[in-house]
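Report on the structure given below.
Just so it is clear: chains get the letters A, B, ... in the order the sequence lines come, proteins before strands, and each one is counted from 1. Owing to the predicted nature of the structure, the values given are computational and were not obtained by experimental measurement.
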Protein chains: 2
Amino acid sequence: MEPPCELELQVAVAKVSKYAVSESGDTVETIERPHGGLSIVLVDGQRSGKSAKAISNIVARKAVSLLADGVRDGAAARAAHDYLRTQRSGQVSATLDIVSVDLATRTIVVSRNSHCPVIVVTGSDLRLLDEPSEAIGIHARTRPVIAELPIVLDTHLVVFTDGLLTAGERYGQPFDLPAFVRDHLQAGQHVPRPKGVPDASCAAGVWRPAGHATEGSGDPATSAQTLPAQYAGALADALLARAVELDQGRPGDDISVVVLSVVSRQAPDAVRRLAVRFPI
Amino acid sequence: MEPPCELELQVAVAKVSKYAVSESGDTVETIERPHGGLSIVLVDGQRSGKSAKAISNIVARKAVSLLADGVRDGAAARAAHDYLRTQRSGQVSATLDIVSVDLATRTIVVSRNSHCPVIVVTGSDLRLLDEPSEAIGIHARTRPVIAELPIVLDTHLVVFTDGLLTAGERYGQPFDLPAFVRDHLQAGQHVPRPKGVPDASCAAGVWRPAGHATEGSGDPATSAQTLPAQYAGALADALLARAVELDQGRPGDDISVVVLSVVSRQAPDAVRRLAVRFPI
């Protein structure tokens, strides 16, 4: 019998604020799910700068805190809406996306309260989650549009705020996001194989992690965190870089991109890793 | 006048669970601080496996939720203690470390409720934050031991659970953590310079980011998330790898390592990045 296919989850977030505004009005948080897996919460507060940040912060905080308590995603999104609407008397809106990797159900759950679509690529198939969906904070009884996808090899989700969607529009150069994502993934050069991992598909069952946990000398040059094997990171960075380029180096809005990838296992160990970096 | 030195904050977390136990009893969460910066919460629940995870999860959740509300670190640690002690009638303990990069005060705040020291390296100086400190959950009025450090170039903090501290002890090969950290950082080879960034110290004021945000073609081979410029990640990975090696490939306890580095700016853009990866 073939060994089961070993999968790796990669999540990458890349964010930049509107040109000449020091603070992004977008907030992205990740949180562990109490029954296994993690959730990513992406909020774009109305307008930009400090006031937008205050909005996105309270919405993200409410959603994250409920998700950490084990509240289901749809209920967390509804509660975040009710909370914002109560706090701000229905005068202020925000878009809210929650993406959860639920290891209890082995699914990816996408809850959208945003006009921005979510791009889903599975193998060579690309589709949009773009059912009409409204921002939170304004109308009574707003609820999220939810999609549930199986966790399968070679799945990529791209979730973003509208700064990405509208990049380049001011200059008559709209960003064809699905085409860019397709090209990037099809190029197949977006991620060099890590050293020591044969270039074989997981389906062939050829490559298995070598041991329980990190092995070797601790030589940082080959450490997994420094390997270039970040499918999700490469795509998030490429999307953000292209958006900024289309905005001629001066983003017209806060831009946040979240990429979630289910790929064959890249790191030859069972280590869970998280990395954050930003200028201070 | 010299331009101000441009700094980058890097945080890396690497975690592995005890050998033959599927779930780590440690929980690590990061959260944005409402007044700027971020906090990292590291909790080691008593014992290992599912019961330890349940403990570390409720403690981390409580601390993260308070920090997100803007509660000061010392009060969040006290509240997490009171909460655990109330929930579990003083019968269950956990260690709790909170490390905050507070951009309002421009300091790094370390709150320890753990017998594990925190290693602090500033330039060529290495010291331990190792004042006696007790775990939360058991005794009345437990409080954290707090240290506040300035945010300065070339600062590295290493925070960990006792699986790292005791690695190798079963085999008569204790892990000399300070020596390892010093050697790793002094080797200076732990991080190749990223392409396009001259090999000049920040103090010389030579290198400045080239533009407001990501520039260039979006060529993923040079994207910042795939650059090997992860000081913090390389050190976290090296520490974890060495610990697992000393435990002969079978960690005797859950091991979690958090490294926080303040380095000269590596990425030539103003992008904030987060990456998570783990086997599923």
Close side-chain approach of B:R265 and A:P279, heavy atoms under 4.5 Å: yes
Side chain to side chain donor-acceptor pair (under 3.5 Å) partners for A:D69, two or more places apart: B:R61
B:L240 side chain reached by A:V271 side chain, heavy atoms, under 4.5 Å: yes
Pairs of heavy atoms under 4.5 Å with chain A: top-ranked of B:E29, B:K53, B:R106: B:E29
B:R272 and A:V13: CA distance, side-chain angles, deciding distance, side-chain contact (heavy atoms from CB on, under 4.5 Å) verdict: CA-CA 8 Å; B:R272 297 170 73 107; A:V13 179; over 6 Å; no
Residue part contacting chain B, namely of A:L9, when any heavy atom lies under 4.5 Å: both
Segment of A:V262 engaging chain B (4.5 angstrom heavy-atom cut-off): side chain
Interface residues of residues 30-43 of chain B facing chain A - non-hydrogen atoms under 4.5 Å apart: B:T30, B:I31, B:E32, B:P34, B:L38
Side-chain heavy-atom pair A:I151, B:I280 within 4.5 angstrom cut-off: yes
Distance (rounded to the nearest 0.5 Å) between B:F278 CZ and A:L103 CG: 6.0 Å
Atom pair CZ (A:R277) and CD (B:Q10), whose distance is rounded to the nearest 0.5 Å: 5.0 Å
